[in-house]
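Position 1 is the first residue of the sequence; numbering continues from there.
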Amino acid sequence: MENQLFPVFFKLNRLHVLVVGGGNIGLEKAQAMLQNCPESNITIVALDFLPELEEVAHHYPNVELIRKPFSCGDLLGKDLVVAATNDHALNYAIWEKAKGSKVLINVADTPELCDFYLGSIVQKGNLKIAISTNGKSPTVAKRLKQVLQEALPDTLDDVLNKLYIIRNKLKGDFTAKVKQLNNITDVLVKPNH
């Protein structure tokens with residue numbers, strides 16, 4: 001079956017994310033979100049936390065650690081949930097509660113219970129590319145990330161900034177602006193002779 005995922009980019013500084021799990025999986029998910037948006041609002045609920053996760057919370061004021069078992073009330077006011085425990089029964093219970101509360105959920109390493117995936121991300125300044133393998137192979141996504149990270153020049157952000165300035169100075173309606181920008185950016189796709 002083809003990949004029918006619809007890519008979106010969440011503004012995590014405007015949303016509130018609940019992560020359940022204070023171990024390696026919770027740490028990995030929290031770090032991934034914070035790497036993309038340092039102002040992410042994240043509440044992490046667990047009975048125990050890795051020292052590295054406590055260090056993360058110390059450095060990011062919008063990350064809150066709550067030492068307790070997961071309960072339904074933890075979902076109140078949350079926009080997204082990440083079930084990041086190594087207890088499959090607990091992850092399933094979190095999924096059930098999230099679905100009942102109409103909160104989008106990602107259950108780590110369980111694609112069939114995910115409303116969304118945290119994909120591999122390639123970033124060059126303002127350019128951000130998300131890679132999805134539809135949950136089939138995180139390893140392939142990781143390798144593609146490495147290839148794109150090396151292939152895309154670091155100067156790409158300068159190009160984006162200049163195009164932004166040009167776009168704001170262009171006159172005419174939307175269609176005319178798109179045509180002019182297409183002409184300017186043709187050089188990016190034309191083969192060199």
Side-chain angles (χ1 to χ4, degrees), residues 1-21 25-45 62-63 70 72 74-85 88 91-152 156-157 159-161 163-164 167 173-175 177-179 181-182 185 188-189:
M1 185 175 90
E2 66 194 41
N3 188 334
Q4 297 185 11
L5 296 171
F6 183 74
V8 296
F9 289 90
F10 290 119
K11 294 181 177 182
L12 293 182
N13 59 325
R14 296 186 184 184
L15 301 175
H16 196 154
V17 182
L18 171 67
V19 175
V20 183
I25 304 168
L27 174 64
E28 176 192 327
K29 302 297 183 181
Q31 285 178 326
M33 289 183 276
L34 291 164
Q35 184 177 2
N36 282 279
C37 179
E39 295 84 30
S40 294
N41 298 299
I42 305 172
T43 298
I44 306 172
V45 171
N62 293 349
V63 176
F70 168 78
C72 269
D74 297 326
L75 294 169
L76 289 174
K78 305 305 185 297
D79 300 294
L80 303 170
V81 180
V82 177
T85 77
H88 295 296
N91 283 347
Y92 188 81
I94 297 165
W95 175 80
E96 284 185 314
K97 301 298 184 194
K99 297 316 297 172
S101 299
K102 305 257 190 250
V103 178
L104 296 176
I105 184 166
N106 171 282
V107 180
D109 299 324
T110 315
E112 65 273 13
L113 297 184
C114 290
D115 294 323
F116 64 95
Y117 298 134
L118 302 176
S120 283
I121 307 292
V122 176
Q123 184 163 358
K124 293 286 181 167
N126 286 290
L127 177 68
K128 190 171 281 193
I129 301 170
I131 303 167
S132 165
T133 60
N134 206 17
K136 301 285 184 203
S137 179
T139 302
V140 168
K142 183 180 177 183
R143 294 294 175 228
L144 282 172
K145 173 184 176 177
Q146 290 172 328
V147 168
L148 288 170
Q149 195 71 38
E150 291 171 16
L152 295 171
L156 203 50
D157 202 42
V159 173
L160 289 175
N161 289 329
L163 284 170
Y164 176 74
R167 186 186 78 179
D173 64 9
F174 178 76
T175 305
K177 289 181 179 185
V178 168
K179 187 174 180 182
L181 285 170
N182 280 339
T185 57
L188 297 174
V189 291

Report, as yes or no, whether the 6.0 Å neighbourhood of atom [atom1] on [X] holds more than 12 heavy atoms from other residues, nucleotides or ligands.
| X | atom1 | answer |
| --- | --- | --- |
| Gln35 | CD | no |
| Phe9 | CZ | yes |
| Lys128 | NZ | yes |
| Asp109 | CG | no |

message = So, using side-chain hydrogen bond (donor to acceptor under 3.5 Å, both in side chains) as the criterion, who are the partners of Asp157 when residues are at least two apart?
response =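 Only Asn126 meet the side-chain hydrogen bond (donor to acceptor under 3.5 Å, both in side chains) criterion with Asp157.
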With Lys99 via side-chain hydrogen bond (donor to acceptor under 3.5 Å, both in side chains) - residues at least two apart =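 So Lys99 forms a side-chain hydrogen bond (donor to acceptor under 3.5 Å, both in side chains) with Asp115.
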Has the side chain of [X] got a donor or acceptor atom that lies under 3.5 Å from a matching backbone atom of [Y]?
| X | Y | value |
| --- | --- | --- |
| Ser137 | Val140 | yes |
| Asp79 | His16 | yes |
| Gln149 | Gln123 | yes |
| Lys29 | Val19 | no |

Nearest 0.5 Å, what's the [atom1]-[atom2] distance between [X] and [Y]?
| X | Y | atom1 | atom2 | value |
| --- | --- | --- | --- | --- |
| Ser120 | Lys142 | OG | NZ | 8.5 Å |
| Ile94 | Leu113 | CD1 | CG | 11.0 Å |
| Thr85 | Phe70 | OG1 | CZ | 10.5 Å |
| Tyr117 | Thr133 | OH | OG1 | 8.5 Å |
| Asn91 | Asn106 | CG | CG | 9.5 Å |
| Leu181 | Leu163 | CG | CG | 6.5 Å |

Of [options], which meets side-chain contact (heavy atoms from CB on, under 4.5 Å) against [X]?
| X | options | value |
| --- | --- | --- |
| Glu39 | Asn62, Leu12, Leu34 | Asn62 |
| Met33 | Ile42, Asn41, Leu80, Leu15 | Ile42 |
| Val122 | Ile131, Val147, Leu127 | Ile131 |

task = Take Val81 and Leu75 through the side-chain contact (heavy atoms from CB on, under 4.5 Å) test and state the conclusion after the steps.
result = CA-CA 8 Å; Val81 180; Leu75 294 169; 3.3 Å; yes
ask   = So do Ile129 and Leu152 actually touch side chain to side chain, heavy atoms under 4.5 Å?
value =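 When only atoms from C-beta onward are counted, Ile129 and Leu152 do touch, with a gap below 4.5 Å.
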ask   = Quick one: does Leu18's side chain get under 4.5 Å of Val45's, heavy atoms only?
value =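 Heavy-atom side-chain distance check passes, below 4.5 Å.
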inquiry  = For the residue pair Ser132 / Asn3, report whether a side-chain donor-acceptor contact shorter than 3.5 Å exists.
reply    =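 Yes, because at least one side-chain N or O of Asn3 sits under 3.5 Å from a partner of the opposite role on Ser132.
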